Amino acid sequence: MPKIKTHSGAKKRFSLTKSGKVKRAKANKRHLLSGNGKTTKRKRGLRMGAYADKTNVAAIKRMILYK
């Protein structure tokens with residue numbers, strides 16, 4: 001059997017923790033970061049990572065098998 005290719009988009013967006021959880025970055029931190037866009041408190045919250053929802057974990061792990 002040949003090796004399964006890792007999904008290029010998934011390997012850039014997700015990482016696995018030692019315990020097997022899937023870590024991800026939060027959305028909405030690309031633009032409108034100054035002026036009348038988002039508050040400082042909201043931007044600070046977006047800096048923190050988050051874990052993928054349990055309904056998506058199996059699909060993500062299939063995409064990043066060797067990571």
Side-chain angles (χ1 to χ4, degrees):
M1 287 290 292
K3 285 186 176 179
I4 300 168
K5 287 193 175 182
T6 301
H7 190 285
S8 298
K11 73 181 175 190
K12 296 169 190 170
R13 288 173 172 83
F14 303 105
S15 61
L16 287 175
T17 61
K18 294 276 184 177
S19 60
K21 291 181 182 177
V22 179
K23 226 165 89 167
R24 64 168 178 86
K26 293 196 178 169
N28 303 315
K29 197 177 177 285
R30 293 289 177 220
H31 61 99
L32 296 177
L33 297 173
S34 60
N36 294 329
K38 297 171 182 72
T39 63
T40 309
K41 183 178 178 181
R42 185 173 165 195
K43 288 185 286 189
R44 190 166 61 243
L46 291 173
R47 267 187 241 135
M48 293 181 268
Y51 294 111
D53 191 67
K54 64 180 180 181
T55 57
N56 301 322
V57 167
I60 295 168
K61 282 186 176 179
R62 272 198 305 272
M63 289 191 273
I64 53 172
L65 281 174
Y66 306 111
K67 199 166 182 191

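Quantities reported herein were computed from a predicted structural model and do not represent experimental measurements.
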*Verify the neighbour count for atom NZ of Lys21: are there more than 12 heavy atoms of other residues, nucleotides or ligands below 6.0 Å?*
no
_Within a 6.0 Å radius of atom NZ on Lys67, are there more than 12 heavy atoms belonging to other residues, nucleotides or ligands?_
yes
Inter-residue atom distance [X].[atom1] - [Y].[atom2], 0.5 Å rounding:
X	Y	atom1	atom2	answer
Ile60	Ser15	CD1	OG	10.5 Å
Ile4	Met63	CD1	CE	13.0 Å
Asn28	Lys38	CG	NZ	6.0 Å
Lys11	Lys5	NZ	NZ	10.0 Å
Ile64	Leu16	CD1	CG	4.0 Å
Asn56	Arg24	CG	CZ	9.0 Å

Exercise answer: donor-acceptor pairs, residues 47-54 side-chain atoms, under 3.5 Å, sequence neighbours excluded:
| unit_1 | atom_1 | unit_2 | atom_2 | d |
| --- | --- | --- | --- | --- |
| Asp53 | OD2 | Thr55 | N | 3.3 |
| Asp53 | OD2 | Thr55 | OG1 | 2.6 |

*Are any non-hydrogen side-chain atoms of Lys3 and Tyr66 less than 4.5 angstrom apart?*
yes
_Within-4.5 Å side-chain heavy-atom neighbours: Lys43 and Thr39_ =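 No, every pair of side-chain atoms sits at 4.5 Å or beyond.
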*Check whether any side-chain N or O of Lys61 sits under 3.5 Å from a backbone N or O of Gly20 as a donor-acceptor pair, and report yes or no.*
yes
